[in-house]
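Working notes, beginning with the structure itself.
Just so you know, these numbers use all the heavy atoms, side chains as well, and skip hydrogens, waters and symmetry mates. We number each residue from 1, following the sequence as shown.
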Amino acid sequence: MTDIPKDGDRIAKVLSRAGIASRREAERMIEAGRVSVNGKVIVSPALNVTNDDKIVVDGKRVGEPDPPRIWLYHKPAGLVTTERDERDRETVFDALPDDLPRVMSVGRLDINSEGLLLLTNDGGVKRKLELPSTGWLRRYRVRINGSVSEAKLDQLRAGITVDGVSYQPMVVTFDRQQGANAWLTVSIREGKNREIRRTMEAIGVTVNRLIRVSYGPFQLGTLKQGEVEELKQRVVRDQLGISGKPTPTRVRKSPRDAKSSKSCHPKKRS
């Protein structure tokens, strides 16, 4: 496991980097007695390991971790961005290609929203991309029912408080009127839960379509609904300042229509 620092790293973090499970899931696996280090079962995640340690999960030796990888996914409307849904609705992970490794979503898009969703195999990358301090703009095409005045949009540009929740100033452009609807471009930095929908309701309009077109430097571009594209390792390194071994760039169309059941939750690798 060549990416572990010489002075060691926490076992759950190492398992997450190896693509076994998220850090939290790895901690639960450890507490359940499914992990051993150097032949001894451990029950606490409060343990550092090094490259010299032999780690076994469910009887299988943990190999070298995958390098940090990022995929762009064009999420269709109607999918839930969660691993498992208590209402048994179809999730993003049900729709992903079967040959994708275990991945985690970076942030969420609600069930009625569509567009760019970032996926990664690395818990550290996920946290880094989600940090508010990163300050990356998330840009959306927003269709509203009716129209809205510039004075109303100025409320969003100045920052608005809705039901006690304060939202940072947004970058809002009125693009065009299209029959009974209007299209806006909205850019935000926080990405609070249902932020655009709630703030639009506060100024008297309803969002009937919401498409994320970019997340920081990453663009939806011409990616079709249901397709997944892996970023080149050079792009990952340049944008995030992390290292990794080269991996191929692939575009895959989601085979969701060919699936007969909803059993493809994030893949666990060993």
Side-chain angles (χ1 to χ4, degrees), residues 16-17 22-23 67-77 79-82 92-93 96 103-143 153 155-162 165-175 183-200 207 209-223 225 227-244 247 249 251 266:
S16 175
R17 286 282 289 107
S22 70
R23 192 177 301 189
R69 298 163 69 182
I70 297 175
W71 292 262
L72 311 180
Y73 172 55
H74 189 157
K75 174 193 175 296
L79 299 179
V80 182
T81 310
T82 184
V92 164
F93 301 104
L96 293 177
V103 294
M104 298 161 274
S105 66
V106 176
R108 294 191 176 193
L109 285 173
D110 67 49
I111 189 170
N112 296 315
S113 298
E114 55 195 286
L116 180 62
L117 183 67
L118 300 183
L119 307 170
T120 181
N121 66 330
D122 189 283
V125 169
K126 171 181 168 68
R127 286 186 291 277
K128 183 171 185 177
L129 291 172
E130 290 177 343
L131 281 174
S133 58
T134 303
W136 276 344
L137 276 178
R138 300 105 187 258
R139 186 161 53 92
Y140 299 79
R141 296 297 315 287
V142 181
R143 190 178 69 188
L153 296 180
Q155 295 180 38
L156 305 182
R157 294 168 180 145
I160 191 172
T161 298
V162 181
V165 178
S166 296
Y167 298 95
Q168 290 184 2
M170 303 177 181
V171 180
V172 187
T173 303
F174 187 98
D175 295 329
W183 282 97
L184 313 173
T185 298
V186 180
S187 299
I188 60 177
R189 293 190 184 275
E190 288 183 293
K192 289 179 177 177
N193 186 34
R194 299 179 64 83
E195 179 171 347
I196 293 177
R197 295 183 188 277
R198 287 174 174 170
T199 54
M200 288 294 171
V207 173
R209 193 173 182 191
L210 186 64
I211 310 166
R212 183 155 66 197
V213 295
S214 67
Y215 191 112
F218 308 117
Q219 307 288 322
L220 181 64
T222 58
L223 199 65
Q225 283 197 0
E227 283 188 344
V228 181
E229 177 180 338
E230 182 175 0
L231 292 176
K232 294 180 179 178
Q233 277 294 308
R234 173 181 53 79
V235 176
V236 175
R237 292 194 299 268
D238 290 348
Q239 296 296 343
L240 301 181
I242 58 179
S243 61
T247 54
T249 297
V251 179

Interatomic spacing from [atom1] in [X] to [atom2] in [Y] - rounded to 0.5 Å:
X      : Y      : atom1 : atom2 : value
Glu229 : Leu220 : CD    : CG    : 10.0 Å
Thr199 : Met170 : OG1   : CE    : 3.5 Å
Glu195 : Met200 : CD    : CE    : 10.0 Å
Ile188 : Leu137 : CD1   : CG    : 9.0 Å

Between [X] and [Y], what is the shortest heavy-atom contact and its length?
X      : Y      : result
Ala158 : Pro169 : O-CG, 3.7 Å
Gln233 : Pro68  : NE2-O, 2.8 Å
Val172 : Arg157 : O-NH2, 2.8 Å
Pro76  : Gln225 : CB-OE1, 3.7 Å
Glu190 : Gln168 : OE1-N, 3.0 Å
Gly123 : Ser16  : N-OG, 3.7 Å

[X]: partners by side-chain hydrogen bond (donor to acceptor under 3.5 Å, both in side chains), with sequence neighbours left out:
X      : answer
Lys75  : none
Ser113 : Asp110, Arg197
Asp122 : Arg17
Arg143 : Asn208

Indicate yes or no: at least one non-hydrogen side-chain atom of [X] is less than 4.5 angstrom from one of [Y].
X      : Y      : result
Ile196 : Tyr140 : yes
Leu72  : Val228 : no
Leu117 : His74  : no
Ile70  : Glu230 : no
Tyr167 : Thr161 : no
Leu116 : Ile211 : no
Leu109 : Arg212 : yes
Val235 : Asp238 : no

Where do Leu118 and Leu129 land on the side chain to side chain contact (heavy atoms under 4.5 Å, CB included) test, with the steps shown first?
CA-CA 9 Å; Leu118 300 183; Leu129 291 172; 4.2 Å; yes
Kindly indicate, with the supporting measurements, whether the criterion side chain to side chain contact (heavy atoms under 4.5 Å, CB included) is fulfilled by Leu96 and Leu119.
CA-CA 11 Å; Leu96 293 177; Leu119 307 170; 3.9 Å; yes
Mind checking what makes ring-ring contact (aromatic ring centres under 6.0 Å, His included) contact with Tyr215, not counting sequence neighbours?
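With sequence neighbours excluded, Tyr215 shows a ring-ring contact (aromatic ring centres under 6.0 Å, His included) to no residue whatsoever.
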Measure centre to centre between the rings of Trp183 and Phe174, then say whether the value is under 6.0 Å.
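No - the distance between ring centres of Trp183 and Phe174 does not fall below the 6.0 Å cut-off.
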Check whether [X] reaches the backbone of [Y] with its side chain - one donor and one acceptor, N or O, closer than 3.5 Å.
X      : Y      : result
Arg209 : Val142 : no
Arg198 : Asn193 : yes
Asn121 : Val103 : no

Polar side chain donor-acceptor pair, Ser105 to Thr81, under 3.5 angstrom
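The criterion, which ignores hydrogens and geometry beyond distance, is not satisfied for Thr81 and Ser105.
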Is there a side chain to side chain contact (heavy atoms under 4.5 Å, CB included) between Tyr73 and Glu227? Walk through the geometry before answering.
CA-CA 6 Å; Tyr73 172 55; Glu227 283 188 344; over 6 Å; no
Pairs in or reaching into residues 130-139: which pass salt bridge (charged side-chain N to carboxylate O under 4.0 Å, His left out), with residues at least two apart or in two chains?
Lys126-Glu130
